Amino acid sequence: MHNFGYVQAQSRHDAIALLEEGATPLAGGTELLNWARVGILQPARIVDISRIEDLDGVEPLPDGGVRIGAMTRLNDVAQHPLIVERYSVFSQSILSAASAQIRNLATIGGNPLQRVRCPYFRADEPTACNKREPGSGCAALAGINDRHAIFGWTDECVAVHPADPPVALAALDAAYVVESSEGSRRIPADELHVLPTRNPAWHNVLLRGELITAIELGGPPSHSAYLKIRERESYEYATVSAAVALQMDGDTISEARIALGSVAMRPWRLRNAERLLAGRRVGSPEVAEAIAAGFADARPLSHNAYKITLARNATLRAIETAARA
Ligand code: SF4
């Protein structure tokens, strides 16, 4: 690991000024130190934002929603009564992420900014990877791609974003609140991450000098659930995951929002299925048919056709679980 400068920011203003100069933010530190260790990033200067006051906590909003400070630790978000009672899909997604020890340190604003887990991206030896070295190609396209994308990929990159909480946030139509010296803006939860169709080298849309300061959730769904399919029950990234937020009228769905994880470079909303699910009774064959329609534009790679069946079944089970909750 090479040497770098370290600054502890005392305020948002200080942090943003340092980010504008090119410093790299340090929140929980659970990902950044990995990047530095394996050479994905060689920061010249790190700005520690963990001591800034008023960047953590969970508070209700007047419109019935909730605002969560970006520096709130994952376990503190997942166990907060407002989140447990109103947004169980979000709580479940957080508790399925990483280990308890990491969740005690990692922050809700930092988690969505982790980078892809593609083995070629994280390789010790130089490998063709447009995310690591723009223009060098994509070794996964013709290589091992069983954990890669089935939606929204291009020949330039077939990676998926690995995080769990952003998938639930997409199903909840949440927004990231971002501040800079220009003011603040809100980024819809399913627009933070960048598909390779736009730029295969980018992970997210944050600009230099921008800092995620909060996440805002709107009014809660009547029923919700998060289902994560993984190779082992502890400390594993999702093979696929499904976040479901429903408004129910008895056993009939009046509104559905569905986001899938680990199938694309961003949480993937099944908007076609969502439209078809309105008015369908949970348990009826029409629900499975609506979900299947959401996969009409799925495109498997050479090693991952299984993901289509897996994600379709996970979505159905998540809807049934949410409806019973
Ligand atoms: Fe790199 Fe993306 Fe290809 Fe993986 S899938 S090798 S991250 S360009």
Side-chain angles (χ1 to χ4, degrees), residues 1 24-25 30-43 97-98 102 106 110-167 170 187 189-208 228-231 235-241 259-269 295 297-311 314:
M1 195 186 293
T24 302
T30 55
E31 246 297 66
L32 178 59
L33 297 183
N34 276 337
W35 299 344
R37 187 171 49 79
V38 301
I40 290 171
L41 192 73
Q42 296 192 333
I102 288 177
N111 175 275
L113 302 182
Q114 62 184 285
R115 299 194 178 183
V116 298
R117 308 304 302 186
C118 174
Y120 301 104
F121 176 75
R122 301 210 174 225
D124 291 333
E125 299 299 320
T127 310
C129 174
N130 287 322
K131 274 200 166 25
R132 187 87 177 255
E133 185 64 46
S136 64
C138 173
L141 184 65
I144 298 170
N145 52 41
D146 58 316
R147 304 297 296 267
H148 290 69
I150 55 173
F151 289 110
W153 56 268
T154 69
D155 287 356
E156 280 71 46
C157 182
V158 296
V160 297
H161 198 273
D164 295 290
V167 184
I187 302 173
D190 66 341
E191 294 179 17
L192 177 70
H193 301 101
V194 177
L195 290 176
T197 43
R198 180 171 173 192
N199 190 324
W202 292 359
H203 278 78
N204 58 66
V205 298
L206 290 186
L207 302 172
R208 181 165 166 152
K228 177 174 180 176
I229 310 293
R230 49 186 160 175
E231 289 183 348
Y235 200 84
E236 185 58 278
Y237 292 94
T239 307
V240 300
S241 66
L260 302 180
S262 293
V263 299
M265 189 45 216
R266 70 180 185 203
W268 193 262
R269 285 285 292 268
F295 286 81
D297 54 350
R299 287 186 303 139
L301 296 158
S302 51
H303 298 147
N304 72 357
Y306 75 97
K307 271 194 168 187
I308 295 177
T309 308
L310 197 60

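On a predicted model such as this, the values are computed, not experimentally measured, just so you know. In what follows, residues are counted from 1 in the order of the sequence shown. Just so you know, ligand 1 is whichever comes first in the structure, and atom 1 is the first atom listed for that ligand.
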Query - Nearest heavy atoms of His203 and Phe121, plus distance in Å - result: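 Looks like CE1-CZ, 3.9 Å.
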
Report task. Taking all non-hydrogen atoms of both residues into account, name the closest pair between Arg299 and Trp153 and its distance. Result ->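 Minimum heavy-atom separation between Arg299 and Trp153: NH2-O, 2.6 Å.
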
**Report entry** atom 2 (Fe) of ligand 1 - nearest protein heavy atom and its distance
**Finding:**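 In this structure, atom 2 (Fe) of ligand 1 has Cys157 SG, 2.4 Å as its nearest protein heavy atom.
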
Report task. Examine all N, O or S atoms of His148, backbone included, and report whether one is under 2.8 Å from atom 2 (Fe) of ligand 1. Result ->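 Looking at His148, which is the residue asked about, there is no N, O or S atom under 2.8 Å from atom 2 (Fe) of ligand 1.
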
Report task. Pull out every atom of ligand 1 sitting under 4.0 Å from any heavy atom of Tyr120, numbered as shown with elements. Result ->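 Checking each atom against Tyr120, I get 6 (S).
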
Query raised in the report: Between Glu156 and Arg198, does at least one N-O distance fall below 4.0 Å, as a salt bridge requires?
Result: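 Answer for the salt bridge query: no.
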
Requested in this report: Return the residue, atom name and 0.1 Å-rounded distance of the protein heavy atom closest to atom 7 (S) of ligand 1.
Outcome: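 Of the protein heavy atoms, Cys129 SG, 3.6 Å lies nearest.
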
**Report entry** Those atoms of ligand 1 less than 4.0 Å from some heavy atom in Glu156
**Finding:**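 Reading through ligand 1 atom by atom, the close ones are 8 (S).
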
Report task. Give a yes or no answer on whether the side chain of Asn145 reaches the backbone of His303 with a donor-acceptor pair at less than 3.5 Å. Result ->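 Checked: pair present.
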
Query raised in the report: Closer than 2.8 Å to atom 4 (Fe) of ligand 1, do we get an N, O or S atom from Cys138, backbone or side chain?
Result: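 Cys138 does not place any N, O or S atom closer than 2.8 Å to atom 4 (Fe) of ligand 1.
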
Query - Contacting atoms of ligand 1, where contact means under 4.0 angstrom from a heavy atom of Asn130 - result: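 Atoms satisfying the 4.0 Å criterion: 1 (Fe), 8 (S).
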
Requested in this report: Examine ligand 1 and decide if any of its atoms is less than 4.0 Å from a heavy atom belonging to Arg132.
Outcome: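 Checking ligand 1 against Arg132, which is what was asked, there is no heavy-atom contact under 4.0 Å.
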
Query raised in the report: How are the rings of Phe151 and Trp268 set to each other: parallel, tilted or perpendicular (split at 30° and 60°)?
Result: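 Correct class here is parallel.
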
Query - Option with minimal heavy-atom separation from atom 4 (Fe) of ligand 1, where the choices are Cys118, Ala201, Ala159 - result: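 The option holding the nearest heavy atom is Cys118.
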
Query raised in the report: Could Arg122 and Glu31 be called an ion pair, given the rule that one side-chain N must be under 4.0 Å from one carboxylate O?
Result: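 Between Glu31 and Arg122 there is a salt bridge, with a charged N closer than 4.0 Å to a carboxylate O.
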
**Report entry** Closest heavy-atom pair and its distance - Ser136, Asn130
**Finding:**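 In this case the closest contact between Ser136 and Asn130 is N-OD1, 3.1 Å.
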
Requested in this report: Provide the number and element of each atom of ligand 1 under 4.0 Å from a heavy atom of Phe121.
Outcome: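 Taking each heavy atom of Phe121 in turn, ligand 1 has 7 (S) under 4.0 Å.
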
